[in-house]
Amino acid sequence: MAHALIKATLIPEIVRLIAEKYHISEEEAMDEFYTSKTAESLSDTEIGLYGQSALFIFGLFCQEKSRILK
């Protein structure tokens, strides 16, 4: 339960950061995030990514996106 609460506070901040960096709407940013491997990892309680900051997770998302775009 605590993981869900933590994710509920992290995800809006991550989505806002994505929207700002990539100059897209928050809806588009949400779609980008939820279809990413980073979001998949955030949902995996074994990995423990939910214990990291929104900025750290955003950085992982950006790294993933830059690898995809290459």
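Here, residue 1 is the first one in the sequence, and each next residue gets the next number.
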Quiz: residues 40-48 side-chain donor-acceptor pairs under 3.5 angstrom, not counting sequence neighbours:
unit_1: Ser41; atom_1: OG; unit_2: Lys37; atom_2: O; d: 3.1
unit_1: Ser43; atom_1: OG; unit_2: Ala39; atom_2: O; d: 3.4
unit_1: Asp44; atom_1: OD1; unit_2: Glu46; atom_2: N; d: 2.9

*Taking side-chain contact (heavy atoms from CB on, under 4.5 Å) as the test, write out the residues that go with Tyr34, two or more places apart.*
Ile11, Met30
*Under the side-chain hydrogen bond (donor to acceptor under 3.5 Å, both in side chains) rule, what pairs show up with a residue in residues 16-26, not counting sequence neighbours?*
Glu13-Arg16, Arg16-Glu20, Ser25-Glu28
*List the atom of Ile18, the atom of Ala29, and the distance in Å for their closest heavy-atom pair.*
CG2-CB, 3.6 Å
*Looking at CD1 of Ile57 and SG of Cys62, how far apart are the two atoms once the value is rounded to the nearest 0.5 Å?*
12.0 Å
*What distance separates Leu17 CG from Leu55 CG, expressed to the nearest 0.5 Å?*
6.5 Å
*Can you measure from OG1 (Thr38) to CD (Glu64) and round to the nearest 0.5 angstrom?*
4.0 Å
_Of all pairs that satisfy salt bridge (Lys or Arg N to Asp or Glu O under 4.0 Å), the ones with a partner from residues 49-63, not counting sequence neighbours_ = none
*Rounded to the nearest 0.5 Å, how far apart are CZ of Phe58 and NZ of Lys65?*
10.5 Å
*Taking all non-hydrogen atoms of both residues, which atom of Ile24 and which atom of Glu32 are closest, and how far apart?*
CD1-CG, 4.2 Å
*By ring-ring contact (aromatic ring centres under 6.0 Å, His included) - contacts of Tyr50 (at least two apart)*: His3
